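Have a look at the structure that comes next, please.
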Amino acid sequence: MDDQLLTEARQAKERLIDAERDVEVFRAEFYRAVRRLHLHGASLRELAAGLGLSHQRVYQIVEEAGGSRRWVRSRKPGRRPDPGLLACTFCGETQNMVRKLIAGPGVYICDSCIALAGRVLGSGQAEDTELATMTAAPAPATHLKCSFCGKNRRQVDGLVTAAAVTVEQKQTSAAAAICSQCLALCDEIITEELSDNS
Ligand SMILES: [Zn+2]
Ligand SMILES: [Zn+2]
């Protein structure tokens with residue numbers, strides 16, 4: 001082996017490693033800057049338009065940088081679901097147990113499930129609630145529809161379905177679904193209402 005060429009190859013390798021480290025640092029800085037904007041009130045839609053990125057990409061960046069907001073559970077120890085109250089279709093918690101419950105036609109979603117569904121869309125990984133498993137519906141699953149706006153999987157960027165697991169029968173049935181557009185809308189409603197309250 002030519003020693004001179006080997007030295008040159010090693011130096012090139014070092015430079016590449018340095019450059020890759022720089023990319024990671026700059027990426028983390030960028031993600032933090034995006035999240036900071038979001039925490040200062042810019043909606044995901046505004047961020048996407050302002051930065052020339054897709055809504056989904058902005059969402060992923062915000063999540064990777066530490067998430068949209070820290071949800072503080074208002075549930076107090078020993079609080080139980082009240083059958084007389086409206087409940088989140090996705091997790092079963094009643095309106096007294098969640099910060100915010102958003103209603104669709106015969107369907108409800110709470111702030112925690114909105115955040116969770118967003119994570120499922122961002123990562124593609126399934127997440128469990130007390131009641132159901134949330135999964136991102138694959139694009140060919142055109143028979144699945146958003147419970148809130150009625151659009152099917154093909155008409156939206158992403159769709160999260162919640163399948164209730166009945167323990168006795170070990171069967172799953174699609175209980176409800178929410179699309180990326182409705183999720184973004186819910187997220188904005190909650191942001192507005194929470195900032196109004198503070
Ligand atoms: Zn819920
Ligand atoms: Zn929808």
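Every number for a ligand or one of its atoms is a count from 1 in the order of the listing. Quantities reported herein were computed from a predicted structural model and do not represent experimental measurements.
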Legend entry - ILVMFWY clustering at 4.5 Å (side-chain atoms), partners of Val23: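 Besides Val23, the hydrophobic cluster comprises nothing; the residue is isolated.
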
Legend entry - Ion pair check, Asp18 and Arg15, cut-off under 4.0 Å: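 Looking at Asp18 and Arg15, the cut-off is not met.
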
Legend entry - Spacing of Ile114 atom CD1 and Ile109 atom CD1 [to the nearest 0.5 Å]: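 One gets 5.0 Å once the value is rounded to the nearest 0.5 Å.
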
Inset, instruction - For the atoms SG of Cys110 and SG of Cys113, give the angle they form at the Zn ion (ligand 1), rounded to 10 degrees. - result: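 Vertex at the Zn ion (ligand 1): approximately 110°.
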
Legend entry - Every N, O or S from the protein that is nearer than 2.8 Å to the Zn ion (ligand 2):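 The answer, once waters are left aside, is Cys146 SG, Cys149 SG, Cys179 SG, Cys182 SG.
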
Which side-chain N or O atoms in residues 138-151 pair as donor and acceptor under 3.5 Å with protein atoms at least two apart or in another chain?
from   : atom 1 : to     : atom 2 : distance (Å)
Ser147 : OG     : Ala177 : N      : 2.8
Ser147 : OG     : Ala177 : O      : 3.1
Lys151 : NZ     : Gln181 : OE1    : 2.9

Inset, instruction - Calculate the angle formed at the Zn ion (ligand 1) by SG in Cys91 and SG in Cys88; 10° precision is enough. - result: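 So the angle at the metal works out to 110°.
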
Legend entry - Closest non-hydrogen atom pair, Ala103 against Tyr108: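 Scanning both residues completely, I find the closest heavy atoms to be CB-CE2, 3.3 Å.
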
Inset, instruction - Please report the C-alpha distance between Val62 and Val34 in whole Å, then the side-chain angles of each, then the deciding distance to 0.1 Å, and finally whether the side-chain contact (heavy atoms from CB on, under 4.5 Å) criterion is met. - result: CA-CA 7 Å; Val62 168; Val34 173; 4.0 Å; yes

Inset, instruction - Output all residues satisfying side-chain contact (heavy atoms from CB on, under 4.5 Å) with Asp22, sequence neighbours left out; order by chain, then residue number. - result: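 With sequence neighbours excluded, Asp22 shows a side-chain contact (heavy atoms from CB on, under 4.5 Å) to Phe26, given in chain and number order.
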
